[in-house]
Structure formats: structure tokens, C-alpha cells
Amino acid sequence: MLNQIRHSADHDAILSVENLSIDIESKRGVLHVVRGVSFHVNAGDRIGVVGESGCGKSTLALAIMRLLAPGAAPVGGSIQFLGTDLLALSETEMRRLRGNEIGMVFQDPAASLNPMMTAGRQVGETIEAHKGVSRKISASAAVDMMRSVKIPEPAVRAGQYPHQFSGGMRQRIVIAMGTANTPKLIIADEPTTALDVTVQAQVIELLEKMNTDTGSSIVFISHNIALVSEFCSRVVVMYAGRIVEEGSTSDIFSRPYHPYTSALIKSVPPLDERLADGLVPIEGRPPNLASKQVGCAFAARCSSKIEKCTQSSPPLVAMGPRKVACWVTGAHS
Amino acid sequence: MSSFILRRLLAVIPTFFVVSLTVFLLIHLVPGDPIDSLMRAGSSPALREQMAAKYGLDRSLFEQYIIWMGKVLTLDFGTSIIQGRPVAALIAQNLPSSLTLGGTAFLFSSLAGIAAGVLAAKYYGTRIDSSITSGILLGSTIPSFWLALLLILVFAVWLGWVPVSGARGWSSLVLPVIATGLGGVALVARVTKVSMIEIGRQDFVTLLRAKGVSESRIRLQHILRHALVPVISILGLRIGWILGGAITVEVVFARPGLGSLLIRALNQRDYPLVQGCLLMLSMAVILGTIIGDIAQAAMDPRQREASK
């Protein structure tokens, strides 16, 4: 008997995504970029969402913020934030949550900042938008915020423009902007991808501090499973719009069940580069998202596939505290 | 910033000489000369030569240019051959009327153009956008003198709301301003719209939404500020046209101004006056462009930095 998981509303849940599907209308047809994804984030959690580019992780993040580009829309499921269905909120209600209760940190800080406005104003704007305070108060709060993300001489730097900052400093400003109102949930979409390794570690440290100091839950989206393992307590692995494995970081790293997770771990250099003993790329490409998926989406690239893998899609089922969607290594075998 | 302005101003010097040479040659190479307008039928060739000598027209073109330039550099633009008055005085007399019309038309094109562009961008893809866009197409293709005639017919002749011509009072300014400025409205609106849409697609705008900043604030305080950078450089080019853009419209509405002055001087081949007017108009274009550049640099912190 299949041990199909049914999620129950969790009292501690900050965020519950239930069976969410997202389609993107494109010239070449409809792309099913997110296909029935469910996961929960509890208070103070640090959850990592990993997968290759195009697996739907960034779309998922934008969907939670309700900031999907025109043409992309949820076609099923729900997103509950503190018991409220975000998909049912009006645009104004949603705007009050953004930057206030749910903060987002974007990748590529160079493109995320308005080049024509001072860093201090851009941080202060988040506060002004929600707290109804004067510009003077928001300006001094912005300096405090910049100090808390460890920008040296924040009072001086607040008056400078984005191009006067280094990449790492810009990412700190982006973090300060996203978290200025101490949101209950922070969604960090590849916050370190554009940075070099030493700066990456500093940014991770900063997010860690934010998580412990304010108790904000963090959803950390990255293609770098090594980085996620450093930072997150739980990991959600996505492939072709589906969750293929979910569990605690230590479990997943010590014994990945899904062949895709194993491949992902082998394909990414560890943070400590001395440990790198040959990277193994994942052969092949992710499937075309426009097509209806028959069987496991990873089957074509999987070395341990069996006949069943190409015939029907494996559901995500619990294996102890973990969940995995695989006919071979999952609970079905 | 000040060294940037200084460098831009220094660059005017070579431009000035090229422009002055062009202006000079342009009028001298056209057939006909001012003596034709002055001589009565049947005057003797001797008298003709005497007149030519009086105005220095018997010398070589090169000599004439040097003499003219030497005077211009001491701000002496010479004396009108036909009207017998100093060119500087004639220009000064006609300048206020041209400035009023050109300045108002400039203001009209900037404000109406930006407003139309912002609206079209906000309602991109809707009927509001398509009606503004068709208006833009129409506005940018209708020649201003023909539009002027049309406006006179409808608003002055049929409806009688404003005077047909002349330059008395503000009501006589309405139609010339619309006729002169509509092309500018269309241009500014088009640039504003395209630039707003393009900037609205940039990543930082998504981040502004993620911060919970309201849509109207995003549009007016962030996107419009960026979108105005190319608009300002277009407007810089049009500052120069404040004086030159209304030439035909001035003639149609029989308004005094540099345009009317220039057209008359051209018909009479009044060399000093034509040269003076054209030099004035070209310098206005050059200075306008510089003002536009400076305004643009002042708006964008990255350019401000680079131009230090």
C-alpha cells in the first residue's frame, strides 16, 4: 500500500504550500513549470530549495510573493501564509504583506537596486512603505539597518549610490532592503550566486544571524546544494517542477535516496575546495516542460532506472522523517 | 561637474566656426544678391558697382568672411542692407516674441508629452494606449504650417474662440503654441512611453514590488525618473528649436519674430541679417544641446561620477 502523505494544517506553520502548480504561457505553448508542489515552513525554519536552473524554484519564490511575470500564473493549489490564502488576497492586501511580513532577497544585486537612488533611501523606502513614518525617521532607521548588515560607516554609505558599492556590499543592501521590517518569512533567491566564495560565506553568516536574532524563517533557494547544506536545517530537492526529495540536511547529505539528489551532490564543488575530488556532471538535460510527463521526469538521465520509471510518475511518499519520489529507492521498492 | 560644463563649453568654439562658415557660404552661394532688391529698374552699372563696394560685396568671399567674422567676434553683426538698421537691434526687437512662442511651445511639448507617455505606458496594450499612440503618429506626421492653417480654420474662423493672427494678448498665442508644439508632444510622448515600458521590465522594479512599494510610487518616483533620462536629451535638442521651430508657424500666423524676420531677409538676400539670424538659431541649438547634456548628467549619479 502506498504511504501517500496528506499534509495537515500545522499550527506552527508560517508558510504552507499545498499542491501548487504554475503554468507559463509562452509562444511555444504552455509550460508546466511547477507541478503539484507541497511543503511547509515552520517558525524559525531554514529551508533550502535546490535544483538545476529551470526546475521551477525561482518561479516558486515569485509565486509566494505573487510577483510572477505576466503570462505565468498558479493554476492549482494554495499558498497559506499564517493561515491566510495568499492567492485569494487583493493586490493591495498583498502589497501590505510584501516587504513587511514576507521579505525577499534577490539574486544579482547589481540589477536589483535602483542605480539613481541612494542606498539609504532604498532601504528607508521599505520602512516608509509600511510603517507610515516620516522620511527623517525612515532615514535613520535605514542607517541602523545598514549597520546591522555590517556595512562599515553606514551613515556615510547611506548617502552613496549603488555603483559606489562592491558586489558584496550591494548584496548586503539588498538584504537590508528585504528585511528592514523584520519579516516573519524571508525568501532568499540565490542570494550568493553573483558573489565570490569568501563574500558568499559572509552573506550566509548574515542570514544566519538574522534567523537566530529575529526568528525569521528563511526559504533559501539555490542551485548549490553544498551551500544549502551549510545553511539549512531542511532541504527540498526539486526537479522539473516537482519535489523529488525532502528531509533534514544531515539525512539527505549522508544518505541521499533519490538518484537525482545523489547526482546533484556529486556535481557541486564543496565549499571547502580541498575536498573536491573530481566533480561528476549530470548527463543529459531536464525534460521539456511543455510536454505532459509520462513516468519519472528524471528517468531519461537516471542510471538506476527500471521499467516502471518510464511508465508512471512516482509520488512523493514518506520514508520515516523524509519523503522521496522514486520507484527504485523510495518506499515502493 | 563644473569641469564637465567647462569642457562642453570649450567644445562649442570649433563648432561655432564650422557653423559660421556654413551659414556664410549657404547664403552667398545662393543665386541673387541684395543689390538687386535695392536697385531701381534702369540704374546704371556704375551705381551698382558703387553700391556693391559700399557693402564690401566686391571683395572675394574669403575676405568677406574674415571681415564678417572679425566683427561678429566683437559682437557686431553688421547693418541690414535693406532695412538700414543694425542686425543686433533687429534681432533683439524680434527675439521676445519668438522666445514667448517657442518657450511656451517647449513647455507644452514637455509637459503634455511626458503626461501622454506615462499614461500610454501605464495602460500599455489597452484602448487608452492605442488612442494615445495613434495621436502620436498623427502629431508627428502633420507638418506644423498645415496644422496651423487647420487650427485657424476650426478655432478662429468657425468657432471664433481665438484671433486668426497677430500677437496681441495670450489668446493669440494658443493656436501657434499648439501648432508648434504638437510635433514635440508626439516625440516626447513616444520616447517617454518606450522608455517607461523598457525600464518597467528591469529587475529592480520587481524588487520594489517585493518591498511593498505602491504601484503609483514605483511608476512616478522610480520608473519615470529613469525614463526621463533619454527624454531630457531629446528635450535638450528641442531647446534649440525654441527659436527655430516656429519659423513657418510665425509666418502663417503673421506673428513678429525671428522666423518672419529671417524669411523676409532671405527673400531680399539681406546677407548680414540672414547671417545674423541663422548664426543666432544655430547657436541656440548648440547651447540647447549642452543644457540638455548637463541636465542629463545632473540627473544620473553614474554620469555625474563619470563626468567629474
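Excluded from the calculations below are hydrogen atoms, water molecules and symmetry mates; all remaining heavy atoms, backbone and side chain alike, are included. Note that the coordinates shown come from a computational prediction; the quantities given were computed from them, not determined experimentally. Note on naming: letters A, B, ... go to the chains in the order of the sequence lines (proteins, then strands), and numbering restarts at 1 for each one.
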Select, from M116(A), R98(A), H130(A), the one with the greatest count of heavy-atom pairs under 4.5 Å involving chain B.
M116(A)
Heavy-atom contact with chain B under 4.5 Å, split by part of V105(A)
neither
Output yes when E101(A) and K184(A) qualify as a salt bridge under the 4.0 Å nitrogen-oxygen rule, no when they do not.
yes
Do we get R46(A) above F220(A)'s six-membered ring, with its NZ or CZ under 6.0 Å from the centre and within 45° of the axis?
no
Using non-hydrogen atoms only, which part of E128(A) is less than 4.5 Å away from chain B: side chain, backbone, both, or neither?
side chain
Heavy-atom contact with chain B under 4.5 Å, split by part of M65(A):
side chain
Any residue of residues 104-135 of chain B which, by heavy atoms, sits under 4.5 Å from chain A
none
Donor-acceptor contact below 3.5 Å, side chain E250(B) vs main chain I247(B):
no
For chain B, the option from G103(A), A111(A), A129(A) that forms the most heavy-atom pairs under 4.5 Å:
A111(A)
For the student: nearest non-hydrogen atoms of S282(B) and V23(B), plus distance
OG-CG2, 4.1 Å
Taking R96(A), E91(A), Q122(A) one by one, which has the highest count of heavy-atom pairs under 4.5 Å against chain B?
Q122(A)
For S58(A) versus Q107(A), what's the shortest heavy-atom pair and its separation?
OG-NE2, 4.2 Å
Inspect the surroundings of CD in Q202(A) and state if more than 12 heavy atoms from other residues, nucleotides or ligands are less than 6.0 Å away.
yes
Where the side chain of S97(B) meets the backbone of N94(B), is there a donor-acceptor pair that is under 3.5 Å apart?
no
Got a donor-acceptor contact below 3.5 angstrom from the R172(A) side chain to the V149(A) backbone?
yes
Donor-acceptor contact present, side-chain T179(A) to main-chain T182(A), <3.5 Å:
no
Between L101(B) and P176(B), what is the shortest heavy-atom contact and its length?
CD1-CB, 3.5 Å
Could you please state which residues from residues 194-220 of chain B sit under 4.5 angstrom from chain A, measuring non-hydrogen atom to non-hydrogen atom, sorted by number, or 'none'?
D203(B), F204(B), T206(B), L207(B), L208(B), R209(B), A210(B), K211(B), G212(B), V213(B), S214(B), R217(B)
Residues M94(A) and I64(A): closest non-hydrogen pair is CE-O, 3.7 Å
Shortest non-hydrogen pair, S78(A) vs L87(A), comes out as CA-CD1, 4.0 Å
